Amino acid sequence: MQKSSDQASPFSSVRTVVVPAAGMGTRFLPATKTVPKELLPVVDTPGIELIAQEAADLGAERLAIVVAPEKQEIMRHFGEFSTLQERLRARGKDEQAEKVARAHGLIDAVAVTQDAPLGLGHAVGCAEAALDAEEDVVAVMLPDDLVLPFGVMAKMVEVRNKFGGSVLCAFNVTEDEVFNYGVFDVEEASDTVDGVDVMRVRGMVEKPAKEEAPSTLVATGRYLLDRAVFDALGRIEPGKGGELQLTDAIELMIQEGHPVHVVVHDGKRHDLGNPGGYIPANVDFGLRDKKYGPALYTAVKKIIADYEAEHPELG
């Protein structure tokens, strides 16, 4: 089957997208005893497939999915399922057959095994072997993060083309939220690319107290990294729990003069990594679904009205 990324793309400089997916999904237990968190559906499409679509839209050729030895079900999702397709088509269920075929046709998905959970930096480092020798940049997309509207990484490619180095995605949050994130220490906005503010990064602080945060710009799960990141990952020291942190490698690169910029994304983000973010993502996507949206809108309004009636103190 022809992969969608074989088509011409203005952003073809990114050939490989790394997707770290080796986590245990403990916040979704007991569901994740048998189903990888990345395969839980947003309406009817697994989160990992939404990431694959974003990577394909970027023009990438390869999705390097970092998986634990016991999480190979993720890779199976990108199989062809020809027998299932044939059965569906024989029953006139062409729309369902197309949905089954979609993941296999999006992009070439390859497995990278991470034998032990040794941190995000270690997971990204494991994927270097999946890159071709001439690739000088790699994208990293965390499957827990849906960054909307899709397309922020295309803007990040434009920034790299202009400034070089590595480019990260930033969101503005309130001061009371900074303790949940890696926070950027940035210079004032020096330029815009495609109408988006671009700032050079001086450093990063991981989950600071409100009064210690250098800004309210926080990292989210989109990274466009110069290949030099693999060398940096090989030189940082493990932190808590023996884990290698990607932010530590980026910090080392900054200290050594490697240019790192952030694109400040004016959109929204859903965190699929916990039920508190996953449920709103389903409501958001569901309301916008042509098939399910109208009925869901009516149902959600009634659920909210009933809840407010049960809790008058909210009024």
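In this chain, numbering begins with 1 at the start of the sequence shown. On a predicted model such as this, the values are computed, not experimentally measured, just so you know.
The number of heavy-atom neighbours closer than 6.0 Å to CZ of Arg89, taken from other residues, nucleotides and ligands shown, is above 12. The environment of Asp289 atom CG is dense: over 12 non-hydrogen atoms of other residues, nucleotides or ligands sit within 6.0 angstrom.
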Show me the donor-acceptor pairs, under 3.5 Å and distance only, between side chains in residues 307-315 and residues at least two apart or in other chains.
| unit_1 | atom_1 | unit_2 | atom_2 | d |
| --- | --- | --- | --- | --- |
| His311 | ND1 | Glu313 | OE2 | 3.3 |

Tabulate below the donor-acceptor pairs under 3.5 Å that side-chain atoms of residues 35-44 make, not counting sequence neighbours, or state none.
| unit_1 | atom_1 | unit_2 | atom_2 | d |
| --- | --- | --- | --- | --- |
| Lys37 | NZ | Asp144 | OD1 | 3.1 |
| Lys37 | NZ | Asp144 | OD2 | 3.3 |
| Glu38 | OE1 | Lys71 | NZ | 2.9 |
| Glu38 | OE2 | Lys71 | NZ | 3.4 |
| Asp44 | OD2 | Lys99 | NZ | 2.7 |

Exercise for the section: Determine, stepwise, if the pair Asp136 / Arg160 fulfils salt bridge (charged side-chain N to carboxylate O under 4.0 Å, His left out). Expected result: CA-CA 12 Å; Asp136 63 356; Arg160 174 178 159 85; 3.6 Å; yes
Practice task
Output, in order, the C-alpha distance, side-chain angles, deciding distance and verdict of salt bridge (charged side-chain N to carboxylate O under 4.0 Å, His left out) for Glu251 and Arg202.
Solution key: CA-CA 9 Å; Glu251 178 69 25; Arg202 291 188 294 235; over 6 Å; no
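Residues satisfying the salt bridge (Lys or Arg N to Asp or Glu O under 4.0 Å) test with Lys291, not counting sequence neighbours, are none. In this view, Thr220 and Asp145, Val147, Cys169, Phe171, Arg269 satisfy the side-chain contact (heavy atoms from CB on, under 4.5 Å) rule, not counting sequence neighbours.
The list of ring pair (Phe, Tyr, Trp, His ring centres under 6.0 Å) pairs with a residue in residues 138-160, not counting sequence neighbours, is empty.
Using a 4.5 Å heavy-atom cutoff, the side chains of Val263 and Asp197 are not in contact. Side-chain contact check for Val137 versus Arg227: every heavy-atom pair is 4.5 Å or farther apart. For the pair Gln245 and Glu243, the minimum side-chain heavy-atom distance is below 4.5 Å. Within the 4.5 Å cutoff, side-chain heavy atoms of Gln53 are placed close to those of Leu106. Counting heavy atoms from C-beta outward, Thr113 and Asp115 have side chains that approach closer than 4.5 Å. Between Leu58 and Val157, the closest side-chain pair of non-hydrogen atoms falls below 4.5 Å. A heavy-atom distance below 4.5 Å is found between the side chains of Met156 and Arg222.
No donor-acceptor distance shorter than 3.5 angstrom exists from the side chain of Asp132 to the backbone of Glu134, with no hydrogens or angles considered.
Residues Pro20 and Leu120 come closest through the heavy atom pair CG-CD1, 3.5 Å. Here the closest non-hydrogen pair linking Leu272 and Gly47 is CD1-CA, 4.1 Å.
Clustering of Ile, Leu, Val, Met, Phe, Trp and Tyr by side-chain heavy atoms under 4.5 Å joins Val300 with Val283, Leu287, Leu296, Tyr297, Ile304.
Between Glu61 and Arg15 a salt bridge is recorded (basic side-chain N to carboxylate O distance below 4.0 Å).
Checked by atom type, the side-chain pair Thr174/Glu177 shows a donor-acceptor distance below 3.5 Å.
One hydrophobic cluster, built from ILVMFWY side chains closer than 4.5 Å, cannot hold both Val205 and Tyr223; they sit in different ones. In terms of hydrophobic clustering, with Ile, Leu, Val, Met, Phe, Trp and Tyr side chains grouped at heavy-atom distances under 4.5 Å, Phe230 and Leu142 are assigned to a common cluster.
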